[in-house]
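Take a look at the structure set out below.
Residue numbers run from 1 in the order of the sequence given.
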Amino acid sequence: MGNADRLIRLILAVVVGVLFYTGVVTGTVAIVLLVLAGIFLLTSLVGYCPLYALLGVSTCPKTTGHHQ
C-alpha cells in the first residue's frame, strides 16, 4: 500500500470520527461508517489491505530492483 493511500485512509477515518463525535452522523449509518473508519485506520497503520491482495491491486510504487 502506497503512502498516499495510507494517508487518505487515515484522513477518512479521522473525518468519520469527527462526524460521529459531533453528532452529524447517528444511528445505523454512524455504526457502518465507524466500522469502515476502523478498518481504514487499521489498514493504514499496518500498510496492508487484504481486499487489495485478493483483487491483485497495489498502490505501492514499483521499485526498479537495481542500485546505482
Side-chain angles (χ1 to χ4, degrees):
M1 181 181 298
N3 287 334
D5 192 1
R6 293 174 78 171
L7 182 62
I8 290 168
R9 289 169 180 260
L10 183 62
I11 290 170
L12 287 173
V14 169
V15 167
V16 169
V18 168
L19 290 175
F20 175 75
Y21 183 74
T22 58
V24 174
V25 292
T26 59
T28 305
V29 173
I31 293 169
V32 170
L33 287 177
L34 284 174
V35 169
L36 287 174
I39 293 169
F40 282 169
L41 182 62
L42 180 65
T43 57
S44 71
L45 293 176
V46 174
Y48 175 76
C49 179
L51 185 58
Y52 279 6
L54 186 67
L55 298 175
V57 175
S58 176
T59 59
C60 190
K62 302 220 185 257
T63 57
T64 58
H66 59 281
H67 304 349
Q68 295 184 10

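How far OG of Ser44 is from CG of Asn3: 11.0 Å, rounded to the nearest 0.5 Å. To the nearest 0.5 Å, the span separating CZ on Arg6 from CG on Leu45 amounts to 7.5 Å.
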Side-chain donor/acceptor pairs under 3.5 Å, residues 12-41, sequence neighbours excluded:
from	atom 1	to	atom 2	distance (Å)
Thr22	OG1	Val18	O	2.8
Thr22	OG1	Leu19	O	3.3

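Within the structure, salt bridge (Lys or Arg N to Asp or Glu O under 4.0 Å) contacts touching residues 13-35 (residues at least two apart or in different chains) do not occur.
Applying the salt bridge (Lys or Arg N to Asp or Glu O under 4.0 Å) rule to Arg9 yields the partners Asp5; only residues at least two apart in sequence or on another chain are considered.
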